[in-house]
Amino acid sequence: MIRLYDTAHAEIRALGLREPGHLSMYVCGPTVYDLPHLGHGRYTLVWDVARRWFSFRGLEVRFVSNITDIDDNIIKRAQRDGLSEPEVAATYEAEWWRAMDLLGVARPSETPHATQWVGEMVDLITSFLDSDTGYVTSDGVYFDVSRVPDYGLLAGQPLESLRAGARIEASDEKRSPLDFALWKFAKEGEPSWPAPFGAGRPGWHTECVVMSLGLLGDGFDLHTGGFDLKFPHHENERAQAIAAGRDFAHHWDHSGWVMVGLEKMSKSLGNFTSLTHLLETTDARAYRLLVIRSHYRSPIDVTTATIADAERSLERLDALARRFELPALAGEVIEVASSHALGPKGRALVAKIGAMLDEDLDTPSAVAALFEAVSLTNQLADQGEDEIAWDLAVGINVLFAALGLTLLGSTDHVDEESSQLVRARDEARAAKDWARADELRGQLMALGWVVEDSASGTLIRRG
RNA sequence: GGCGGCGUGGCCGAGUGGUUAGGCAGGGGCCUGCAAAGCCCCGUACUCCGGUUCGAAUCCGGACGCCGCCUCCA
């Protein structure tokens, strides 16, 4: 049984399934108006790991994640850069997928785009106007939050308390400062869609509720996103679903944020750090390891030091892959436990680590246990227990792959010149001509290789 | 002001009242022609002050410090 924290109940509870064996999950995706930052990388990694783990456990996962391709920020960007809104969205959506591919985040089952669902949004807003849950002001259509009795559930605060702390300036036209825009009327030069209540564009909160219910249907299993989406975004999605008489997500969960020098990254602070830049300069697997070695609901500090630390940890894993010549798994393929034939040690490892991951996705414990298993495996191999060691190594490889982390052994292409040097060095070593052997090692290193001796002779790899 | 979270050894980071988290870095040793990789040993950490308890990093109270949400944000 898989248990997972549920924001709505503020506790870890069983992840219920609408249909046995099938998990429907919706992850709020990006608004594509700029390059992705580290925070995007964090939440996509967290939910990618979750998805991969659920799949590994045999669930058929339908993973929907949207692209918000119309929004105030896109309009601003378009005006600033002298481009059309669709051009801005297309540019940054392409950048988004490029980053996701580098991170090894598997593509969603479906990726709805907000602009393709405007008709459904207009219908929903119309129904709110009909029931007086929505009302028109001079700049748009608003949702009356007082119509939802338990508004504030996800925020963990009642409506009154939220209202008292509201920092939004009161508008004469809004019934409550907490009321949010369902629809914004188009100003001069802004993109718009026709609607009976006036041409304009949908509000962000309306986009996600329409797309999630539209694709996954009533009572879908799991709705997730970053911490800061809890309120108001998810609260407002939920409010609309309830007001519309729909059965919304049965389980909610939120991943922790990224800290940069003791502060949360955020738009208002402007302390963005580009994910694209990180991926250009480091092994993307290091960020995944950094993410999974702390709990998904804790904040993480991403610095050059913590990334470098993770990169070095990764070397230990890659060394295991080299030693046992493990195949590279994961990547675009989502691993499923049943497709791997494991020995008894491997199966025992899956059982042990599986229990950790089934309990609120405890990746830090799982990673620690996997590193312990790495030590044990090397120990066994040193003692000549090759069969058991191999059994464990395969299990480790499969489990890391289940979390989306690929262990890389020697996959480097060796050119003819280098392989001649390797052969020459093996001959020199066989003849105990150490001076010659060291000279040849120096030549290989000058060519950029890391040189290691093994039972089978000289091994070279890219450092 | 309201709600919530955190403070662990050089760094990162887990931790269910009593038994080794784990990784990185560092020191010593083994193995190795020398290296690399690997293995073994080493740090006796829990912001502070009280309390509960046979026993607390872990529970309770308080102090101090830090962070998040309450506005766009992943």
Side-chain angles (χ1 to χ4, degrees), chain A residues 10 27-31 36-47 71-73 76 152 154-158 160-169 177-178 180 204 224-233 235 254-259 262-269 272 275 289-290 293-295 297-303 305-320 322-323 359 362-372 374-383 429 432-435 437-438 441 445 450-454 458-461 463:
Chain A
V27 182
C28 279
T31 300
H37 57 67
L38 294 177
H40 292 114
R42 209 278 167 97
Y43 94 83
T44 51
L45 282 168
V46 164
W47 300 116
D71 170 270
D72 291 4
N73 286 310
K76 263 185 252 164
L154 294 173
Q157 288 190 79
E160 273 319 306
S161 161
L162 286 165
R163 185 174 286 152
R167 283 175 285 168
I168 335 161
E169 62 243 50
L178 293 171
F180 58 90
W204 182 40
T224 74
F227 244 78
D228 38 14
L229 295 189
K230 254 195 288 196
F231 190 91
H233 185 52
E235 192 74 54
H254 296 89
S255 48
W257 56 92
V258 170
M259 312 274 291
L262 293 182
E263 279 183 324
K264 195 196 93 164
M265 289 178 58
S266 71
K267 282 188 185 174
S268 48
L269 292 171
F272 274 32
L275 175 63
L289 184 57
L290 188 62
R293 75 181 191 181
S294 49
H295 190 86
R297 282 186 280 111
S298 303
I300 57 169
D301 200 14
V302 181
T303 64
T306 58
I307 286 286
D309 184 307
E311 278 188 306
R312 283 189 297 265
S313 299
L314 216 43
E315 285 175 21
R316 182 165 170 79
L317 302 178
D318 286 344
L320 185 85
R322 284 197 303 279
R323 182 170 188 174
E359 182 65 18
D362 185 2
T363 55
S365 292
V367 169
L370 281 166
F371 271 98
E372 279 184 43
V374 168
S375 291
L376 180 60
T377 304
N378 280 317
Q379 208 177 312
L380 287 164
D382 284 355
Q383 292 162 6
R429 290 188 70 230
K432 298 201 189 300
D433 182 354
W434 308 127
D438 289 349
R441 175 163 59 196
M445 287 168 72
V450 173
V451 181
E452 267 179 39
D453 293 342
S454 77
T458 299
L459 294 179
I460 58 173
R461 65 186 161 92

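The figures here come from the full heavy-atom set of this structure, side chains too, leaving out hydrogens, waters and symmetry mates. Throughout, protein chains are lettered first and strands after them, A, B, ... in sequence-line order, and every chain is numbered starting at 1.
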From CH2 (A:W204) to OG1 (A:T31), nearest 0.5 Å: 6.5 Å
Residue pair A:C28, A:H254: steps toward the side chain to side chain contact (heavy atoms under 4.5 Å, CB included) verdict: CA-CA 10 Å; A:C28 279; A:H254 296 89; over 6 Å; no
Whole-angstrom distance between B:C60 and B:C24, as gauged at atom P: 35 Å
A:L376 CG - B:A21 P separation (whole Å): 18 Å
Distance, P atom - from B:G43 to B:U52, rounded to whole angstrom: 33 Å
A:Q379 vs B:C40: side-chain N/O to OP1/OP2 distance below 4.0 Å: yes
Length of the line joining A:H40:NE2 and B:C72:C1', which is rounded to integer Å: 12 Å
Candidate pair A:I460 and A:V450, rule side chain to side chain contact (heavy atoms under 4.5 Å, CB included), full reasoning: CA-CA 6 Å; A:I460 58 173; A:V450 173; over 6 Å; no
Residue closer to the 5' end of RNA chain B, A:W204 versus A:A308 (nearest nucleotide): A:A308
Salt bridge present between A:E160 and A:R163 (N-O < 4.0 angstrom): yes
Gap between atoms CZ and P, on A:F180 and B:C70 respectively (whole Å): 15 Å
Summary of protein contacts for nucleotides 2-14 of chain B, nucleotide by nucleotide, where a base hit scores B, a sugar-phosphate-only hit scores S (4.0 Å, heavy atoms): BS--------SSS
Check: A:R429 and A:D453 side chains under 4.5 Å, non-hydrogen atoms: yes
Step-by-step side chain to side chain contact (heavy atoms under 4.5 Å, CB included) determination, A:L376 to A:E372: CA-CA 6 Å; A:L376 180 60; A:E372 279 184 43; over 6 Å; no
Interatomic distance at C1', B:A56 relative to B:U47, whole Å: 16 Å
B:U32 to B:G26 separation - P atoms, rounded to the nearest Å: 24 Å
Whichever of A:A368 and A:Y43 has its nearest RNA chain B nucleotide further upstream toward 5': A:A368
Under 4.0 angstrom between A:R312 side-chain N/O and B:G26 OP1 or OP2: no
Separation of atom CZ in A:R297 from atom C1' in B:G15, rounded to whole Å: 15 Å
Nearest-Å distance for atom pair NE2/P, residues A:H233 and B:C69: 16 Å
Parallel, tilted or perpendicular, as decided by the 30° and 60° cut-offs, for the rings of A:F227 and A:W257: perpendicular
Given B:G38, B:G23, B:C67, the nucleotide with the shortest approach to the side chain of A:M259: B:C67
Sugar-phosphate only, base, or nothing, as touched by A:P36 at under 4.0 Å among non-hydrogen atoms: nothing
Sub-4.5 Å side-chain heavy-atom contact between A:R322 and A:L459: no
Span that lies between the C1' atom of B:C59 and that of B:G22, in whole angstrom: 26 Å
Separation of A:E359 CD from A:S365 OG (nearest 0.5 Å): 10.5 Å
Atom pair distance, as rounded to whole Å: CG in A:D228 and P in B:C72: 11 Å
Between CG on residue A:L290 and CD1 on residue A:I300, distance to nearest 0.5 Å: 5.0 Å
Distance below 4.0 Å between A:T31 side-chain N/O and B:C72 OP1 or OP2: no
Closest heavy-atom pair and its distance - A:Y43, A:G29: OH-CA, 3.3 Å
Under 3.5 Å: donor-acceptor pair, side chain of A:R42, backbone of A:G256: yes
Expected output: side-chain A:E235 to main-chain A:G152 donor-acceptor under 3.5 Å: yes
Would you list the protein and nucleotides 31-33 of chain B atom pairs, both N or O, that sit under 3.5 Å from each other?
residue: B:G33; atom: O6; partner: A:R425; partner atom: NH2; Å: 3.4
residue: B:G33; atom: O6; partner: A:R429; partner atom: NE; Å: 3.3
residue: B:G33; atom: N1; partner: A:D438; partner atom: OD1; Å: 2.9
residue: B:G33; atom: N2; partner: A:D438; partner atom: OD1; Å: 3.2
residue: B:G33; atom: N2; partner: A:D438; partner atom: OD2; Å: 2.6

Rounded distance in Å between the C1' positions of B:C49 and B:G65: 15 Å
Euclidean distance, atom CZ of residue A:R163 to atom P of B:U71 [Å, nearest integer]: 12 Å
A:D301 backbone acceptor or donor facing A:T306 side chain under 3.5 Å: yes
Among B:A36, B:G38, B:G22, the one nearest A:E452 by side-chain distance: B:A36
Sugar-phosphate, base or nothing in reach of A:S454, heavy atoms under 4.0 Å: nothing
Separation of the P atoms in B:A57 and B:A45, to the nearest angstrom: 10 Å
Runs of at least three consecutive pairs that involve RNA chain B, where pairs are Watson-Crick or G-U with distances under 3.5 Å: B:1-7 with B:64-70, B:10-12 with B:22-24, B:26-30 with B:38-42, B:47-51 with B:59-63
Nearest-angstrom distance from the residue atom CD of A:E315 to P of B:C24: 9 Å
B:G7 to B:A25 separation - C1' atoms, rounded to the nearest Å: 23 Å
Sugar-phosphate only, base, or nothing, as touched by A:G41 at under 4.0 Å among non-hydrogen atoms: nothing
